[in-house]
Structure formats: C-alpha cells, structure tokens
Undergrad: 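Quick one: this structure, given as structure tokens, is what I'll be asking you about.
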Amino acid sequence: MGVTLHLRAETKALEARAALTPSVVRKLLDKGFKIYVEESAQSTFRKEEYEEAGAEIVDAGSWQEADKDRIIIGLKEMPETDTFPLVHEHIQFAHCYKDQAGWREVLGRFKRGQGLLYDLEFLEDDQGRRVAAFGFYAGFAGAAVGLRDWAFKHTHADSEELPALTPYPNEQALVADVVADCRAAFKTGAKQPTVLIIGALGRCGSGAVDLLRKCGIPDENILKWDMDETKHGGPFKEIARADIFINCIYLSKAIPPFINMELLNDPERNLRTVVDVSADTTNVHNPIPIYSISTVFNKPTVVVPTTAGPKLSVVSIDHLPSMLPREASEAFVNDLLPHLETLTERDTAPVWVRAKQLFEKHCSRLDREQML
C-alpha cells in the first residue's frame with residue numbers, strides 16, 4: 001500500500017528548514033509515494049520547486065483537517081498554545097523524551113487523539129546511532145555565532161548585545177561575514193581567540209571545527225575535547241581560560257557540570273562567549289547551569305551575571321542549522337531518505353518499530369505519573 005506524506009509548514013519563528021526537500025520529494029514520488037506540501041512563507045524552498053518536483057501544494061495548516069491516513073512530517077515542535085488532540089502519525093522533533101519543559105502536554109495530545117509520534121531525534125540504526133541528524137550544521141552555525149559574539153564584544157560597548165541573526169543563502173556567505181567581524185576585532189588589538197569544544201569528535205563538534213578553520217582560527221587555538229578529556233568530571237577550569245566555549249555533547253544521562261559560577265567569577269577569567277549548541281536549557285541535568293532561558297535568532301545572546309572578569313554571554317539557540325537552511329535540509333533529508341522509503345513497511349522496519357516502541361514507553365510513563 002502506498003504512503004501519503006503531508007509536509008506541514010513550520011511555525012517556529014525564523015525556522016527556514018524543511019523536513020522534505022524538492023529533490024527528495026521527486027525521489028519519493030518515483031517510489032510511489034503521494035506527497036502534499038503546505039505553502040510556507042518562511043521556508044528556504046519555494047513552492048514552485050515542490051510543484052516542479054511533482055508535489056501537490058496545499059494551504060498552510062491544512063494538515064489538521066487532512067485524512068487520518070496521511071503521515072504528517074515536519075521538523076520543529078508545534079506551537080505551545082495549540083492543545084487539540086493529535087490524530088495522525090507524525091514525524092518530527094518533539095522534544096518530550098528527556099523531561100523537557102511541557103513534555104507531558106506534548107505527549108498528552110498524542111494520547112488523547114490516539115496519534116503516533118516518530119521522533120526524529122530517536123530514529124536509530126541497529127547500532128544505536130541516529131540515522132539522520134543536523135549536528136554538523138548545528139556545530140558549524142554555533143561556532144559562527146560564537147565567533148561573531150566574541151568579535152562584537154571587542155568592537156562594541158558592554159551595553160550592546162549581538163544583533164538579530166537571519167538565515168544565510170550558503171555557508172560561503174556566512175563565513176565571509178564571520179571573517180569580516182574577526183578582522184574588525186583584530187584591528188582593536190584582539191588576538192586570535194582560543195576556542196574549547198567539548199564533544200569535538202561528534203558530528204556537531206566536527207562542524208564547529210570546520211567553521212573555525214574556514215575562518216582562519218589556527219589549529220593550536222582549537223582545543224578539541226571529548227570523552228577522554230571529560231571522563232574525570234567537571235567543573236573544568238580550562239573553560240574559563242578559553243575565550244569561547246562550545247558545548248556539542250549529546251546529553252543522555254546526569255553528569256557533573258562543566259562550568260560553575262565560582263570559576264566564572266574569577267577576575268582572571270578569559271571566557272567571553274559560551275555557545276551551548278546542545279541547548280538542554282530546561283533539562284535538570286544541563287551541564288552548563290549558568291543560564292535559564294533559550295535564546296532565539298532575534299535575540300541570540302543572554303548575559304551571565306558575573307561579579308568579575310569581562311562581560312560573558314551565552315548563545316543557546318535550539319535550531320542553529322536554520323542559519324544555513326538549504327544546505328542543512330538537503331544533508332539531513334538525504335540521510336533520512338532510505339528510511340522514509342521503508343515507511344511502506346513501518347510495522348516491521350526496525351527504525352520505525354523502535355521509534356514507535358519508544359513513544360509507547362514514554363506514554364506509559366505519562367500514564368503512571370497521572371495515576372500517582
């Protein structure tokens with residue numbers, strides 16, 4: 001039996017990525033899929049590109065009234081103000097399996113509507129590795145914002161904050177802007193920054209390293225930490241000694257914090273910018289417990305109230321790959337494509353079976369909580 005996918009328009013502010021790209025739509029249609037694509041004013045892909053690929057264009061938000069046999073596919077979470085039951089099968093990032101704020105309400109909507117969630121974050125192969133992830137471009141964009149904020153602090157007064165960010169057409173344009181900012185900082189006497197990356201060996205960390213190198217940061221200034229360097233547990237004084245700290249880990253269990261206010265209040269601190277690419281802001285085990293709000297493209301930084309040392313800010317944007325929406329979308333969706341093709345056998349295909357079992361496990365957890 002054929003599968004019908006319905007690409008919903010993203011509603012998160014400045015989210016320009018898409019869970020299906022025109023190139024992948026064409027490949028799925030060749031496999032016998034039926035695909036509807038909602039109009040979207042903020043997507044990096046124009047509706048004409050989807051039309052040329054063969055998709056049927058429908059109104060934004062029309063998924064809510066669509067036939068129940070359609071699988072609704074999107075990227076980011078739906079608006080918190082929406083509370084109606086979810087009756088469809090959904091493929092998306094839902095951010096509700098790691099005790100994030102509002103997780104009960106999110107799962108409750110699926111349970112009330114007898115819908116089903118296949119969470120993109122937890123689509124894993126037989127070795128437990130994610131089949132598709134935005135990690136590389138999250139790290140790439142995060143490092144770019146970190147460098148821009150570090151440079152901005154050298155060229156502007158402490159009373160000013162890094163201005164709003166907008167998506168870029170390609171990575172070359174982003175790199176050019178970051179290089180220009182750094183050159184302006186060097187003219188004020190700033191030296192090449194030291195950047196410490198934790199999680200440097202993963203997809204996200206690799207993206208951060210790639211951006212730093214393309215912007216001319218010397219390899220000796222890029223401190224690449226991973227499990228070996230952090231196995232004895234934090235806090236780590238080396239973070240306070242660096243100019244920029246980029247957190248790229250995947251948090252799966254409680255760990256000691258990487259940094260604390262005692263280290264940050266040291267008058268000898270060099271650290272000016274923290275980029276929490278992982279953005280586990282509302283997780284009770286957040287290893288960077290020095291801020292409490294997620295930042296957004298319109299206001300990319302939040303100041304940490306220190307008592308000594310230079311001004312310190314945190315970047316905690318949870319959809320950083322949207323800075324490079326076209327490249328990030330193409331890379332992600334092409335990795336996902338082989339598994340989308342198995343949706344015709346999702347009752348037996350291991351990736352989808354595991355995702356369904358995980359959904360049911362957390363629904364059972366919700367049931368147990370509600371019985372207490």
Side-chain angles (χ1 to χ4, degrees), residues 17 133-155 162 165-230 236 238-250 258 270-279 288 300-301 313-317 319-332 334-335:
R17 293 173 296 171
F134 281 103
F136 182 88
Y137 280 105
F140 193 97
V145 180
L147 274 180
R148 295 198 70 182
D149 183 65
W150 170 85
F152 186 87
K153 286 183 167 68
H154 284 281
T155 56
L162 185 69
L165 306 169
T166 54
Y168 282 81
N170 53 61
E171 70 174 55
Q172 290 79 15
L174 173 59
V175 168
D177 270 6
V178 177
V179 169
D181 286 352
C182 289
R183 286 175 178 167
F186 297 148
K187 289 180 180 179
T188 71
K191 305 299 182 183
Q192 285 278 8
T194 296
V195 185
L196 193 156
I197 304 168
I198 295 184
L201 300 183
R203 288 169 168 149
C204 179
S206 298
V209 170
D210 189 52
L211 179 282
L212 295 171
R213 287 173 172 163
K214 285 178 176 174
C215 291
I217 305 301
D219 273 0
E220 60 266 25
N221 285 52
I222 306 173
L223 308 181
K224 298 183 281 291
W225 283 25
D226 212 89
M227 294 181 69
D228 282 349
E229 292 80 6
T230 59
F236 304 107
E238 292 88 349
I239 292 176
R241 293 174 182 170
D243 297 292
I244 302 170
F245 166 48
I246 305 176
N247 177 39
C248 293
I249 72 162
Y250 181 78
F258 291 155
N270 295 322
L271 188 66
R272 288 173 176 259
T273 300
V274 173
V275 183
D276 191 3
V277 180
S278 303
I288 308 176
T301 59
S313 304
V314 174
V315 177
S316 58
I317 299 169
H319 61 129
L320 280 164
S322 281
M323 288 190 67
L324 293 167
R326 186 169 287 263
E327 289 154 317
S329 297
E330 289 287 8
F332 178 85
N334 274 283
D335 283 346

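If you're wondering where the values come from, they're calculated on a predicted model, not measured in any experiment.
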Undergrad: Kindly determine whether Arg241 and Ile239 satisfy side-chain contact (heavy atoms from CB on, under 4.5 Å), including the steps that lead there.
TA: CA-CA 5 Å; Arg241 293 174 182 170; Ile239 292 176; over 6 Å; no
Undergrad: Under the side-chain contact (heavy atoms from CB on, under 4.5 Å) rule, what do Phe236 and Leu196 come out as? Steps first, then yes or no, please.
TA: CA-CA 11 Å; Phe236 304 107; Leu196 193 156; over 6 Å; no
Undergrad: Taking Asp276 for the side chain and Ser316 for the main chain, is one N or O donor matched with an acceptor at less than 3.5 Å?
TA: no
Undergrad: Once rounded to the nearest 0.5 Å, what's the spacing between atom CD of Glu220 and atom CD of Gln192?
TA: 9.0 Å
Undergrad: Just say parallel, tilted or perpendicular for the rings of Phe134 and Phe332, cut-offs at 30° and 60°.
TA: parallel
Undergrad: To the nearest 0.5 angstrom, please state how far the CG atom of Leu162 sits from the NZ atom of Lys153.
TA: 7.5 Å
Undergrad: Which atom names give the shortest non-hydrogen contact between Arg213 and Ile222, and what distance separates them?
TA: CG-CD1, 4.0 Å
Undergrad: May I ask you to check whether Thr301 and Asp149 show a side-chain donor-acceptor distance below 3.5 Å?
TA: no
Undergrad: Search all heavy atoms of Pro167 against all heavy atoms of Ser322 and return the closest pair with its distance.
TA: CB-O, 3.4 Å
Undergrad: List the atom pairs, donor and acceptor, that lie under 3.5 Å between side-chain atoms in residues 140-148 and the rest of the protein, sequence neighbours left out.
TA:
from   : atom 1 : to     : atom 2 : distance (Å)
Arg148 : NE     : Asp181 : OD2    : 2.6
Arg148 : NH1    : Tyr168 : OH     : 3.0
Arg148 : NH2    : Asp181 : OD2    : 3.2

Undergrad: Got a second to check how far Asn247's CG is from Phe258's CZ, nearest 0.5 Å?
TA: 5.5 Å
Undergrad: At what distance, to the nearest 0.5 angstrom, does NZ of Lys224 lie from CD of Glu229?
TA: 10.5 Å
Undergrad: Which one of Thr194, Ile246, Ile197 satisfies the side chain to side chain contact (heavy atoms under 4.5 Å, CB included) criterion with Leu223?
TA: Thr194
Undergrad: Hey, could you give me the OG1/CE distance between Thr166 and Met323, rounded to the nearest 0.5 Å?
TA: 7.5 Å
Undergrad: How close do Asn221 and Ile217 get, heavy atom to heavy atom, and via which atoms?
TA: CB-CG2, 3.9 Å
Undergrad: Side chains of residues 201-211: which donor-acceptor partners sit under 3.5 Å, not counting sequence neighbours?
TA:
from   : atom 1 : to     : atom 2 : distance (Å)
Arg203 : NH2    : Arg130 : O      : 3.1
Ser206 : OG     : Gly202 : O      : 2.7
Asp210 : OD2    : Lys214 : NZ     : 3.1

Undergrad: For the pair Asp226 (side chain) and Ala200 (backbone), establish whether a donor and an acceptor sit closer than 3.5 Å, ignoring hydrogens and angles.
TA: yes
Undergrad: Calculate, to the nearest 0.5 Å, the distance between atoms OH and CG belonging to Tyr137 and Leu174 respectively.
TA: 10.5 Å
